[in-house]
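Within every chain, numbering begins at 1; the chains are lettered A, B, ... in the order of the sequence lines, protein sequences first and strands thereafter.
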2 protein chains.
Amino acid sequence: MSETRKRIVTATGELFRSQGFNGTSLKQVTEHADAPTGSIYHFFPGGKEELGAAVLRESGAAYQQLFELIADEAGDIVDAMPAFFNGAADALEETDFIDICPIGNIAREVASTHEPLREASVSVFAGWTEAIQTRLAAAGLDAAEAEALANTIIAAIEGGFMLARARRSTTDLRATGTHMQQLVAAALA
Amino acid sequence: MSETRKRIVTATGELFRSQGFNGTSLKQVTEHADAPTGSIYHFFPGGKEELGAAVLRESGAAYQQLFELIADEAGDIVDAMPAFFNGAADALEETDFIDICPIGNIAREVASTHEPLREASVSVFAGWTEAIQTRLAAAGLDAAEAEALANTIIAAIEGGFMLARARRSTTDLRATGTHMQQLVAAALA
DNA sequence: GTCTATACCAAGATAGAC
DNA sequence: GTCTATCTTGGTATAGAC
């Protein structure tokens with residue numbers, strides 16, 4: 001895959017995190033990626049919308065891998081909860097509260113206005129749900145309960161990002177991690 | 001307070017729900033509010049940013065009243081949880097998944113780019129936290145635990161909105177309501 | 001306080017040379 | 001595949017009559 005294409009996707013993802021979809025201009029993308037306008041339309045003939053969908057899908061997959069990594073390190077899914085939320089909290093602090101998740105940041109913004117982006121976010125969320133659900137099921141939960149709990153965990157972390165970025169504090173996000181740990185432990189008991 | 005000002009704020013709130021802050025133009029506001037451009041700048045000399053902050057504060061207060069109402073009807077805070085989440089889910093379905101909460105929709109979008117809007121969202125969230133915290137404390141939780149749990153509940157509902165709007169399904173949002181009910185019940189036990 | 005017209009700029013997208 | 005120049009549209013904001 002082209003280096004230029006990679007630079008464009010990476011730069012767009014970074015801009016999306018702090019400015020959202022509508023707040024990011026293709027001119028900014030060309031500057032940050034050090035790539036000309038023509039290259040954007042060469043790799044993404046559908047323009048901004050197609051580029052945005054690619055950013056969601058590719059960074060969504062990267063976050064899923066990150067979750068798998070943290071979950072593997074934590075050993076079991078109960079201990080993975082605080083590890084996951086605290087890791088996210090650390091990342092937020094280190095980046096001065098720039099959003100660390102471009103998917104969640106974009107999903108609500110465009111859900112009613114850009115159908116291809118909504119669909120891209122749905123497929124990313126489906127992957128995340130499955131990753132968490134699989135581990136919950138492996139720990140003993142039946143499939144339906146595991147899916148529902150996985151979705152609550154995703155909702156909690158995305159909503160937690162919202163509060164943390166607004167307040168510029170990760171205190172609540174960390175506390176939410178322990179609440180999710182309680183919820184998982186109770187479900188498995 | 002002027003009728004025109006009210007129409008402007010209401011129309012902007014509605015547009016924010018489906019399109020976000022950057023996705024909503026002042027031209028659309030003039031059309032939906034049936035008010036001229038001059039009136040926007042008369043009531044909000046600071047332009048779009050000042051109008052946006054007013055929308056966040058005023059609709060944030062309205063949602064807080066709605067929560068109080070639902071909590072009063074439910075009787076106790078444990079039963080208020082599913083009532084609250086299911087009510088939100090019903091509203092989402094009735095509006096064809098237009099966002100029912102302009103605050104959460106805007107908060108992440110502008111947290112790093114529009115300081116006055118970030119501050120407005122913080123003060124709205126503070127009111128919500130306090131409303132839930134007060135009821136949790138009245139039910140027997142100590143202040144710190146009540147505050148942390150209140151924030152998790154807010155995170156869960158806002159993240160739940162995100163998933164529900166993206167997926168165009170309220171199944172997960174309702175399930176998250178029962179998870180929050182479990183969490184509250186366990187904390188009070 | 002309300003309205004119309006408009007200034008001014010930045011947006012997304014395209015054309016066509018290289 | 002890359003780049004520059006440019007088209008067209010739409011954005012926010014302002015001016016000034018009423």
Side-chain angles (χ1 to χ4, degrees), chain A residues 1-56 58 102 105-106 109-110 112-118 120, chain B residues 1-56 58 102 105-106 109-110 112-118 120:
Chain A
M1 174 142 28
S2 153
E3 279 302 314
T4 305
R5 201 200 107 108
K6 268 191 213 161
R7 284 206 316 281
I8 291 171
V9 171
T10 304
T12 307
E14 283 168 9
L15 292 164
F16 278 5
R17 285 169 217 212
S18 55
Q19 304 177 332
F21 178 80
N22 289 309
T24 298
S25 73
L26 294 183
K27 183 153 192 252
Q28 289 178 309
V29 172
T30 63
E31 287 161 4
H32 280 71
D34 196 28
T37 308
S39 292
I40 295 180
Y41 284 89
H42 171 70
F43 292 111
F44 307 98
K48 193 183 186 183
E49 211 172 53
E50 188 178 339
L51 168 58
V55 168
L56 292 192
E58 291 170 35
N105 200 15
I106 306 295
E109 185 185 358
V110 301
S112 303
T113 53
H114 293 76
E115 186 62 15
L117 294 178
R118 184 189 74 80
Chain B
M1 175 146 22
S2 155
E3 279 302 314
T4 305
R5 202 200 105 109
K6 268 189 212 160
R7 284 205 316 280
I8 291 171
V9 171
T10 302
T12 307
E14 283 168 10
L15 292 164
F16 277 5
R17 285 170 218 208
S18 55
Q19 305 177 331
F21 178 80
N22 289 309
T24 298
S25 73
L26 294 183
K27 182 151 192 258
Q28 288 178 310
V29 172
T30 63
E31 286 160 4
H32 279 71
D34 196 30
T37 309
S39 292
I40 296 180
Y41 285 90
H42 171 70
F43 292 111
F44 306 99
K48 192 183 185 182
E49 209 172 55
E50 189 179 339
L51 168 58
V55 169
L56 292 192
E58 291 171 34
N105 200 14
I106 306 295
E109 184 185 357
V110 301
S112 302
T113 53
H114 294 76
E115 186 62 14
L117 294 178
R118 184 188 73 80

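Closest contact between the side chain of A:His42 and the listed nucleotides D:dT2, C:dT2, C:dG12 involves D:dT2. The B:Thr37 side chain lies nearest to D:dT14 when the options are C:dT14, D:dT2, D:dT14. Checked against D:dT2, D:dT12, C:dG12, the side chain of A:Ser39 finds its nearest nucleotide in D:dT2. Of the candidates C:dA11, D:dT14, D:dT4, the closest approach to any side-chain atom of A:Lys27 belongs to C:dA11. Of the candidate nucleotides D:dT2, C:dA13, C:dG1, C:dA13 has the atom nearest to the side chain of A:Tyr41. Checked against C:dC3, D:dA13, D:dT4, the side chain of A:Pro36 finds its nearest nucleotide in D:dT4. Checking D:dT12, C:dT2, D:dC3 against the side-chain heavy atoms of B:Phe43 singles out C:dT2 as nearest.
A cation-pi arrangement is not found for B:Lys6 relative to B:Phe43, the charged atom failing to lie both closer than 6.0 Å to the ring centre and inside a 45° cone about the ring normal.
Between the C1' atom of C:dG12 and the CZ atom of A:Phe44 lies a distance of 16 Å, rounded to the nearest Å. Atom CG of B:Asn22 is separated from atom C1' of C:dG12 by 15 Å (rounded to the nearest Å). Atoms CD1 (A:Ile8) and P (C:dA13) sit 14 Å apart, rounded to a whole Å. Note: CD (B:Glu31) to C1' (C:dC3) measures 15 Å, nearest angstrom. One can place CD of B:Gln28 at 13 Å from C1' of D:dT12, the figure rounded to the nearest angstrom. For B:Arg7 and C:dG1, the CZ to P distance is 15 Å, given to the nearest whole Å. Computed from coordinates, the A:Glu50 CD to C:dG12 C1' distance equals 15 Å when rounded to whole Å. One can place CD of B:Glu3 at 14 Å from P of C:dG1, the figure rounded to the nearest angstrom.
Expressed to the nearest 0.5 Å, how far OG of A:Ser25 lies from NZ of A:Lys48 amounts to 7.0 Å.
Comment: B:Glu14 does not engage B:Arg17 in a salt bridge, judged by the lack of any side-chain N to carboxylate O separation of less than 4.0 angstrom.
A residue-by-residue look at B:Thr4 and A:Thr24 shows that B:Thr4 has its nearest nucleotide of DNA chain C further toward the 5' end.
Without hydrogens or angle criteria, B:His42 side chain to B:Gly38 main chain gives no donor-acceptor distance under 3.5 Å. Remark: side-chain polar atoms of A:Glu49 are not paired, donor with acceptor, to backbone N or O of A:Pro116 under 3.5 angstrom.
Within the 4.0 Å cut-off from OP1 or OP2 of C:dA10, not a single side-chain nitrogen or oxygen of A:Ser25 is found. A:Lys48 has a side-chain polar atom (N or O) that falls below the 4.0 Å cut-off from OP1 or OP2 of C:dG12.
Using a 4.0 Å heavy-atom distance criterion, B:Gly38 is classed as a base contact.
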